2 protein chains.
Amino acid sequence: MKRSAKEIKRMMDHFREVVLRAGIKLTQQRIEIFREAALTDDHPKLETIFRNVRRRLPTVSLDTVYRTLHLYQELGLLAAFRPLNGPAGFDADMTHHHHFVCTRCGAIHDFVDDGLDRLALSPSARRLGQVDSAHVEIRGICAACARTPKKS
Amino acid sequence: MKRSAKEIKRMMDHFREVVLRAGIKLTQQRIEIFREAALTDDHPKLETIFRNVRRRLPTVSLDTVYRTLHLYQELGLLAAFRPLNGPAGFDADMTHHHHFVCTRCGAIHDFVDDGLDRLALSPSARRLGQVDSAHVEIRGICAACARTPKKS
DNA sequence: TTTAGTGCAAAGTTTTTGCATGTCC
DNA sequence: GGACATGCAAAAACTTTGCACTAAA
């Protein structure tokens, strides 16, 4: 789903700040690639970002998109994930949230849950190392798929 | 880490039962591929399974390993995951557990936590669809990496 | 014997890399 | 102007597929 104009503006401002602070160049390609990733919350694939950026910058190449999205991960501007089949997806929302993964259609929906954020981990978990973050992944059938009677 | 002989036997028995019940053939390749996946709890990569199975069955081919591990996922005998970089990994432990992912070395450690299993999901999460399971992924620095002073 | 499974090889996807050219600071 | 970024093309890494042969039931 499309994010609000206000939310996108906030993300773009943050993006510019991080890029400048990192001392790397703010090119047209980088701006458009980030904007495209920030536009929706449905975790677009690289191919989708590439196709949409091309509409504004027709000469952009696929490997620039790969390199740029890789760079953004290192800068902490977005998170990537790889589904079991198909290409990687990207998430420009770096605020703390959890995921609902539909096992039928593969869609991933974000949600926030204050209760889950206060998870108390048992000693068996803490013993494994230094815990930086914890996030919950729910698996199930999303509302849209539940309305569809048969499995395709 | 290597699983106990007792645990491996239990997994192999269950494996045989599921395969027979599914009405598919119990070949040498399938037995050895599953055994190799069940041998350790460190989520071996396909390449590792292939290499080790080859020591017992020198003629086994890479695509048989791919096809067989795919089949096991459909039968619910194991779970697969794809790390951000590198090939897929497999987990033959299908009992309910959570994951500790080391952001430095990439290792994934399983743990069980009764408290987490009783997670109460907020309405915002339930609204997304029918919840089948929930599992927690902790990110942090594992104990082994924490002992290593520098980042290589 | 019959059907499903395997091995081989080839191709399909997805992702990465080297280098000359172009662009931002 | 100088250094970093881009585009192109080629290759690498990973995974899937078609078909003839083999082995399990």
Side-chain angles (χ1 to χ4, degrees), chain A residues 15-37 43-51 53-75 77-90 106, chain B residues 15-37 43-51 53-75 77-90 106:
Chain A
F15 160 72
R16 264 172 241 268
E17 190 191 347
V18 170
V19 166
L20 290 177
R21 189 171 304 179
I24 63 173
K25 292 178 183 171
L26 194 63
T27 64
Q28 280 307 111
Q29 289 89 335
R30 286 184 173 160
I31 293 170
E32 293 305 325
I33 289 168
F34 185 82
R35 187 198 311 286
E36 194 54 43
H43 314 96
K45 297 186 299 262
L46 186 138
E47 171 64 25
T48 306
I49 294 173
F50 173 60
R51 191 158 17 83
V53 167
R54 272 225 148 181
R55 291 206 287 235
R56 291 166 171 274
L57 296 169
T59 67
V60 83
S61 70
L62 191 59
D63 59 69
T64 293
V65 180
Y66 268 102
R67 275 189 275 233
T68 303
L69 291 174
H70 217 274
L71 173 67
Y72 292 168
Q73 289 174 64
E74 287 171 1
L75 295 176
L77 284 167
L78 48 75
F81 65 93
R82 280 153 78 81
L84 246 17
N85 44 341
F90 297 89
Chain B
F15 160 72
R16 265 172 242 269
E17 191 190 345
V18 170
V19 166
L20 290 177
R21 188 171 306 178
I24 63 175
K25 292 179 182 172
L26 194 63
T27 64
Q28 279 309 112
Q29 288 89 333
R30 286 182 174 163
I31 294 170
E32 293 306 327
I33 288 169
F34 185 82
R35 188 200 309 286
E36 194 55 42
H43 313 95
K45 298 186 298 260
L46 185 139
E47 170 64 25
T48 306
I49 294 173
F50 173 60
R51 190 157 19 81
V53 167
R54 272 224 147 181
R55 291 207 287 236
R56 291 167 172 272
L57 296 170
T59 68
V60 83
S61 69
L62 191 59
D63 59 68
T64 293
V65 180
Y66 269 102
R67 276 190 273 233
T68 304
L69 291 174
H70 217 275
L71 173 67
Y72 292 168
Q73 289 174 64
E74 286 170 2
L75 294 176
L77 284 167
L78 47 75
F81 64 94
R82 281 155 79 82
L84 246 17
N85 43 342
F90 297 89

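Quantities reported herein were computed from a predicted structural model and do not represent experimental measurements. The figures that follow rest on heavy atoms only: side chains count, while hydrogens, waters and symmetry mates do not.
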Is [Y] close to [X] at the side-chain level, that is, under 4.5 Å between some pair of heavy atoms?
X     : Y     : answer
A:L71 : A:L77 : no
B:Q29 : B:T68 : no
A:V65 : A:I49 : yes
B:E74 : B:H70 : yes
A:E36 : A:F50 : no

What's the [atom1]-[atom2] distance between [X] and [N], to the nearest Å?
X     : N      : atom1 : atom2 : result
A:L62 : D:dA12 : CG    : P     : 18 Å
A:N85 : C:dT13 : CG    : C1'   : 12 Å
B:L46 : D:dT16 : CG    : C1'   : 12 Å
A:L69 : D:dA5  : CG    : C1'   : 15 Å
A:E32 : D:dT6  : CD    : P     : 13 Å
A:I31 : D:dA5  : CD1   : C1'   : 13 Å
A:E47 : C:dT15 : CD    : P     : 10 Å
A:F50 : C:dT13 : CZ    : C1'   : 15 Å

Any B:R30 side-chain nitrogen or oxygen under 4.0 Å from OP1 or OP2 of D:dA24: no
D:dT15 OP1/OP2 closer than 4.0 Å to side-chain N/O of B:Y66: yes
Between B:G86 and B:R67, just flag the one whose closest nucleotide in DNA chain D comes earlier from the 5' side. B:G86
Aromatic rings A:F34 and A:F15: how do their planes relate, parallel, tilted or perpendicular, breaks at 30° and 60°? parallel
Look only at the side chain of A:R82 and the backbone of B:P83, and say whether a donor-acceptor pair between them is shorter than 3.5 Å. yes
Summary of protein contacts for nucleotides 20-25 of chain C, nucleotide by nucleotide, where a base hit scores B, a sugar-phosphate-only hit scores S (4.0 Å, heavy atoms): ----BS
Between CD1 of A:I33 and CG of A:L78, what distance do you get to the nearest 0.5 Å? 10.5 Å
What distance do B:R67 atom CZ and B:R30 atom CZ have between them, rounded to the nearest 0.5 Å? 10.0 Å
Base, sugar-phosphate, or nothing for A:D63, non-hydrogen atoms under 4.0 angstrom? base
Please give me every residue in residues 53-61 of chain A whose heavy atoms get under 4.0 Å of an atom in DNA chain D, ordered by residue number. A:T59, A:V60, A:S61
